[in-house]
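One structure below.
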Amino acid sequence: MAEDASNHDAKQRKTLDERARMSELEKLRHSTAHVMATAIAKLWPDAQFAAGPPVENGFYYDVDLEHRITPDDFEAIEAEMTRVVKENQVFERAVVSRDEALALAQSGRLAALGERAAPSRFKVDLLGDIPVGEEISLYKNGDFWDLCAGPHVPRTGNCKAFKIMNVASAFYKGDAGNPQLQRVYGTAFKNKTELAEHLERLEEAKKRDHRKLGKELDLFHIDEAVGQGLILWKPNGATIRQELQTFIGEHLERQGYSQVFTPHIGKLDLYRTSGHFPYYADSQFPPVLEREQLKKLSDEGCSCGELSNRLKEGSVEGFLLKPMNCPHHIKIFQSGHHSYRDLPIRLAEFGTVYRWEQSGELGGMTRVRGFTQDDAHLFCTEDQVAGEVMGCLELVKIVLGTLGMSEYRVRIGLRDPDSTKYVGDPANWDRAEAALRGAARSLGTEFTEEAGEAAFYGPKIDFVVRDVIGREWQLGTVQVDYNLPERFGLSYIGSDNQPHRPVMIHRAPFGSMERFVGVLIEHFAGKFPVWLAPEQVRVLPISEKFAEFADSIAGALREARVRVTMDASGDKIGAKIRLAQIDKVPYMLVIGNREQETQEVSIRHRDRGDEGSLGVMAFRDRVVGEIRSRSL
RNA sequence: GCUCUUGUAGCUCAGGGGUAGAGCACUUCCUUGGUAAGGAAGAGGUCACGGGUUCAAAUCCCGUCAAGAGCUCCA
């Protein structure tokens, strides 16, 4: 698991050639990072700067500083930056020898406004990372000199639209063994208008954050008393999840899957066989011991460390909350003999798994400790692998297509050749990787190949989407596995009457229901299509006089299995509409005297507004049609 | 797990060493109104939890738990 540091650096470090290709906006942001460093150095001369690159939506500069920078300081920093910008200092490039650079760094002159008692220690270190023979350059704006390969905009006056966004912590060079620095994030644009637009977009993004909408729309709840990262699905959220499960269930039937149910725990030995325990013990909930065992151990005065050792070596038995569903499904497969004529066998289950994610990683529904995979395991012959993988990819495409999710990327996760965390024969890995590559090609979508992204038992194809904050999440996944069949000694009888090893495919089109729904909430900004909306129609009588007619309409819709409610409050129609809009109900039916006389309903759609009127049954048929077709 | 920030009513938040405030939501009453807020009254909180300082703590300090941002991690 240990990461090769040099390899990591090689990935991080840009060549001078790559740097030269920096876009105008990146240059501007990089230069603004220098302006910010200038301001921070002015305010706190003891500041020690590390790296300050442009990033996707702005830039940051890492700084080590006695003073803790808080949002209260932003105003002062920005004021100082504005001063530097007004002075319109030239970004002056100076090529120096390694010795000159080192001398300046030693005298504290780099990333500083003047010489200092302490050396510019990160710059000294960074100098050591510059390959021999590569040109070493400084950039100077006013008195602020920094070790920097550039490039930069001509003058500080070009940095006229910027804002400091937030401050967080980061390990020096991204290594948890290194000291933590304060990372000050900012953003910069060509002009104030573009900056304002960007800030506006951020505000919009905040509004569709699934954590906020989850509360507003009563979709889910996380309770301290239950535990971190454990999702309580409220009725509205449960409806959405149920619809999704029914939806995929229909396709599973079509594709010849069998539905199974398995318990949430299994014996430790099961996971010793699969390789989950003790190898991944740190990312699992601790084992559950049998009562008798526990008593015996406590009588013996067994220490924690010793218990841990005995669990590892297997002299103490216990149960594990399942971190994956595969071992249970494998045991179902193994409970009978199988002929090649039976294959492929496809076992599907909405299986809930538990993983001990680090507390700092948890958030909303996208990273949790208990989640339900729309899991399935396909047991097939070597010849069937390609076709089955295609079928799985097809399913993922149907899911994403039905929901109108086109903003995703496809990634083939390959093993990292330098890592030892993978199980199995390299030859099997090669075959599996080739199979996936072939399937991805015929998918007709662009894909990337990434080393080190494989599962421990095999390579995979992932569908990755972004949330509103720009973070990437793996949703759908298809994995080819030659290794677990080996570990469990699976077999089927071939046409030659000899036992053969089946190949396993793990796949989950949604990934996990929690993460998927979290992303889906943001995708739709809470405005779910009718088939998914927890409340599909709300009947709004204009006054109590029409309650009876309104009730009969609701009844007719309910009869057709439309999720309908009636707002029987004493509010005026304007208020009722407002509430229904806030609840993002797709259809509102306004019912008053006119409707009662004509036996029609006045339709108002959440987004399209007033849509005129229609007979009750005609409206019913229209809504039912939309639901059936799962239209967007 | 680490660093910083935060935790006050169901929700959004104000306040702040002298034992609690607003708006929305909720309950009741008045109003019976045609496409995004009619009016009135009422109810609702050990100010996350546990310690400490103080005559006095929701407020200051320490710890715990939880949330947010980032880093590290992610079968």
Side-chain angles (χ1 to χ4, degrees), chain A residues 1 3 8 55 60 62 64 68-72 165-185 206 209 211-212 215-216 218 221-229 271 274-277 279-284 323-326 353 355-364 367 369 373 413 421-423 452-458 460 469 471 473-474 477 479 481 483-484 506 540-547 569-583 588-595 602-606 609-612:
Chain A
M1 268 232 187
E3 197 160 305
H8 189 258
V55 289
Y60 66 78
D62 283 345
D64 188 26
R68 293 286 153 203
I69 297 176
T70 70
D72 292 339
M165 302 304 288
N166 60 330
V167 56
S169 146
F171 296 107
Y172 178 54
K173 290 185 178 174
D175 185 334
N178 282 338
Q180 289 203 301
L181 307 174
Q182 303 186 61
R183 177 167 292 180
V184 188
Y185 281 89
K206 262 192 212 162
D209 189 311
R211 292 165 297 193
K212 183 174 153 67
K215 248 182 217 164
E216 289 172 0
D218 256 342
H221 174 64
I222 300 170
D223 198 286
E224 283 194 28
V226 175
Q228 281 184 285
Y271 299 103
S274 70
H276 291 99
F277 190 85
Y279 205 73
Y280 285 100
D282 285 348
S283 42
Q284 288 155 184
M324 289 184 107
N325 299 304
C326 18
V353 298
R355 300 182 188 178
W356 189 261
E357 303 287 356
Q358 297 184 67
S359 62
E361 271 311 321
L362 298 168
R367 192 75 182 267
R369 282 185 173 159
Q373 299 176 315
K421 73 173 184 177
Y422 307 100
V423 297
E453 289 291 333
F456 79 91
Y457 48 75
K460 53 183 189 166
I469 310 178
R471 288 186 285 212
W473 298 106
Q474 173 204 317
T477 182
Q479 314 176 356
D481 179 6
N483 292 307
L484 287 180
H506 310 238
L540 310 176
I542 292 209
S543 83
E544 281 166 23
K545 283 188 283 192
F546 312 105
S569 72
D571 285 338
K572 296 195 345 187
I573 194 66
K576 290 185 181 182
I577 286 171
R578 179 169 179 272
L579 287 175
Q581 287 287 152
I582 288 172
D583 290 341
M588 290 155 262
L589 300 181
V590 178
I591 305 302
N593 197 31
R594 288 205 297 269
E595 289 73 20
S602 282
I603 305 163
R604 180 190 163 96
H605 184 269
R606 176 181 62 192
D610 197 335
E611 297 196 300

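In what follows, chains are A, B, ... by sequence order, proteins preceding strands, each numbered from 1.
Separation of the C1' atoms belonging to B/U35 and B/A48 is 43 Å when rounded to the nearest angstrom. Taking the P atoms as reference points, B/G34 lies 49 Å from B/G70, given to the whole Å. The gap from the C1' atom of B/G15 to that of B/G7 amounts to 15 Å, rounded to the nearest Å. For the C1' atoms, the distance from B/U31 to B/A41 is 15 Å, rounded to whole Å. Rounded to whole Å, the C1' atom of B/U19 lies 22 Å from the corresponding atom of B/C13. When the C1' atom is compared between B/C26 and B/U12, the two are found 16 Å apart, to the nearest whole Å. Rounded to whole Å, the C1' atom of B/A58 lies 10 Å from the corresponding atom of B/U46. Annotation: B/U3 and B/A9 have their P atoms spaced 28 Å apart (nearest Å).
Summary of the strand contacts: A/Gln228 and A/Gln479 both lie near RNA chain B, and taking for each the nucleotide with the nearest heavy atom, the more 5' one is attributed to A/Gln228. Each of A/Arg68 and A/Phe171 has a nearest nucleotide on RNA chain B; the 5'-most of these lies closest to A/Arg68.
Closest approach to the A/Ile582 side chain among B/C73, B/A69, B/A36 is made by B/A36 (side chain taken as heavy atoms from C-beta onward). The side chain of A/Pro323 sits closest to B/A75 out of B/A75, B/A69, B/U32. Listed nucleotides B/G70, B/G1, B/G33 differ in distance to A/Gln358; the shortest reach to its side chain belongs to B/G1. When distances run from any side-chain atom of A/Val590 to the nucleotides B/C71, B/A36, B/G34, the shortest one goes to B/G34. The side chain of A/His276 lies closest to B/A75, out of B/A75, B/C71, B/U32. Relative to the side chain of A/Ile577, the nucleotides B/U32, B/G70, B/U35 differ in distance, and B/U35 lies closest. Taking the side chain of A/Ser602 as heavy atoms from C-beta on, and the options B/U35, B/A75, B/C2, the nearest nucleotide is B/U35. You'll find that the side chain of A/Ala575 is closest to B/G38, out of B/C73, B/G38, B/C71. Looking at the side chain of A/Thr70, the nearest of the listed nucleotides B/U5, B/C2, B/G34 is B/U5.
Between A/Arg604 and A/Asp610 there is no salt bridge, since none of the side-chain N atoms of the basic residue sits less than 4.0 Å from a carboxylate O of the acidic one. Classification of A/Asp175 and A/Lys173 as a salt-bridged pair fails, no side-chain N sitting under 4.0 Å from a carboxylate O.
At whole-Å resolution of the value, CD in A/Gln284 and C1' in B/A75 are 9 Å apart. Atom-to-atom, CG of A/Leu362 to P of B/A66 comes out at 9 Å; the value is rounded to the nearest Å. What separates CG of A/Asn166 from C1' of B/U6 is a distance of 14 Å, to the nearest Å. Nucleotide B/C4 holds its C1' atom 14 Å from the CZ atom of A/Arg183, rounded to whole Å. Distance, A/Leu540 CG to B/G33 P: 16 Å, rounded to whole Å. What separates CG of A/Asp175 from C1' of B/C2 is a distance of 13 Å, to the nearest Å. Residue A/Ile222 contributes atom CD1, which lies 20 Å from atom P of B/A48 at whole-angstrom precision. Remark: P of B/C24 and CD of A/Glu216 are 17 Å apart, rounded to the nearest angstrom.
Both distances falling under 3.5 Å, in either a Watson-Crick or a G-U wobble arrangement, place B/G50 opposite B/C62. Base pairing of B/A36 is not made with any nucleotide, judged by Watson-Crick or G-U wobble geometry with both donor-acceptor distances under 3.5 Å. Across the strands present, B/G68 finds its partner in B/C4; the criterion is a Watson-Crick or G-U wobble pair with both atom distances under 3.5 angstrom. Base pairing analysis places B/C24 opposite B/G10; the two distances defining the Watson-Crick or G-U wobble pair are each below 3.5 Å. In a base pair of the Watson-Crick type (N1 to N3 plus N6-O4 or O6-N4) or a G-U wobble (N1-O2 and O6-N3), with each distance short of 3.5 Å, B/G18 is matched with B/C55.
A pairwise comparison of heavy atoms in A/Asn325 and A/Val353 identifies OD1-CG1, 3.6 Å as the closest pair. The heavy-atom pair separating A/Glu357 from A/Leu362 by the smallest distance is CB-CD2, 3.8 Å. For the residue pair A/Gly458 and A/Ala454, the shortest heavy atom distance occurs at O-CB, 3.6 Å.
At the phosphate of B/G1, OP1 or OP2 sits under 4.0 Å from a side-chain N or O atom of A/Ser359. Between B/C74 and A/Gln474, no contact under 4.0 Å exists linking OP1 or OP2 to a side-chain N or O. Within the 4.0 Å cut-off from OP1 or OP2 of B/A67, not a single side-chain nitrogen or oxygen of A/Arg211 is found. Phosphate contact (OP1/OP2 of B/U12, side-chain N/O of A/Lys215, threshold under 4.0 Å): present.
Counting any heavy atom pair closer than 4.0 Å across all strands shown, A/Gly612 reaches no nucleic acid atom. The residue A/Ile573 sits close only to the backbone: its heavy atoms come under 4.0 Å of sugar-phosphate atoms, none of a base. When heavy atoms are screened at a 4.0 angstrom cut-off, A/Asp282 is found touching no nucleic acid atom at all. Among the heavy atoms of the strands lying under 4.0 Å from A/Ala454 are primed sugar atoms or P, OP1, OP2 only; no base atom is included. Contacts of A/Leu181 with the nucleic acid, taken as non-hydrogen atoms under 4.0 Å apart, are absent. Residue A/Val167 is out of contact with every strand shown, counting any heavy-atom pair closer than 4.0 Å. Using a 4.0 Å heavy-atom criterion, one finds that A/Gly574 contacts the sugar-phosphate atoms exclusively. As judged by a 4.0 angstrom heavy-atom cut-off over every strand, A/Glu453 is placed among residues making no nucleic acid contact. Using a 4.0 Å heavy-atom cutoff across all strands shown, A/Gly570 reaches at least one base atom of the nucleic acid.
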Starting from the C-alpha separation in whole Å, work towards a yes-or-no answer on side-chain contact (heavy atoms from CB on, under 4.5 Å) for A/Thr70 and A/Val167.
-> CA-CA 7 Å; A/Thr70 70; A/Val167 56; 5.8 Å; no

Carefully, step by step, assess A/Ile577 and A/Leu540 under the rule side-chain contact (heavy atoms from CB on, under 4.5 Å).
-> CA-CA 8 Å; A/Ile577 286 171; A/Leu540 310 176; 3.7 Å; yes

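A donor and an acceptor atom never sit less than 3.5 Å apart when one is taken from the side chain of A/Gln182 and the other from the base of B/G70. One cannot find a donor-acceptor pair under 3.5 Å joining the base of B/C74 and the side-chain atoms of A/Arg355. Judged by atom type and distance alone, A/Gln180 reaches the base of B/C2 through a side-chain donor-acceptor pair under 3.5 Å.
Ring-plane geometry between A/His276 and A/Tyr271 is classed as perpendicular, the angle between the planes exceeding 60 degrees on a 0 to 90 degree scale with a lower cut at 30.
Distance CG/A/Leu579 to OG/A/Ser569: 7.5 Å, rounded to 0.5 Å.
With centroids closer than 5.5 Å and planes inclined by less than 30 degrees as the test, A/Tyr457 and the base of B/A75 fail to qualify as a stacked pair.
Between the A/Lys576 side chain and the A/Pro541 main chain, a donor and an acceptor come within less than 3.5 Å of each other.
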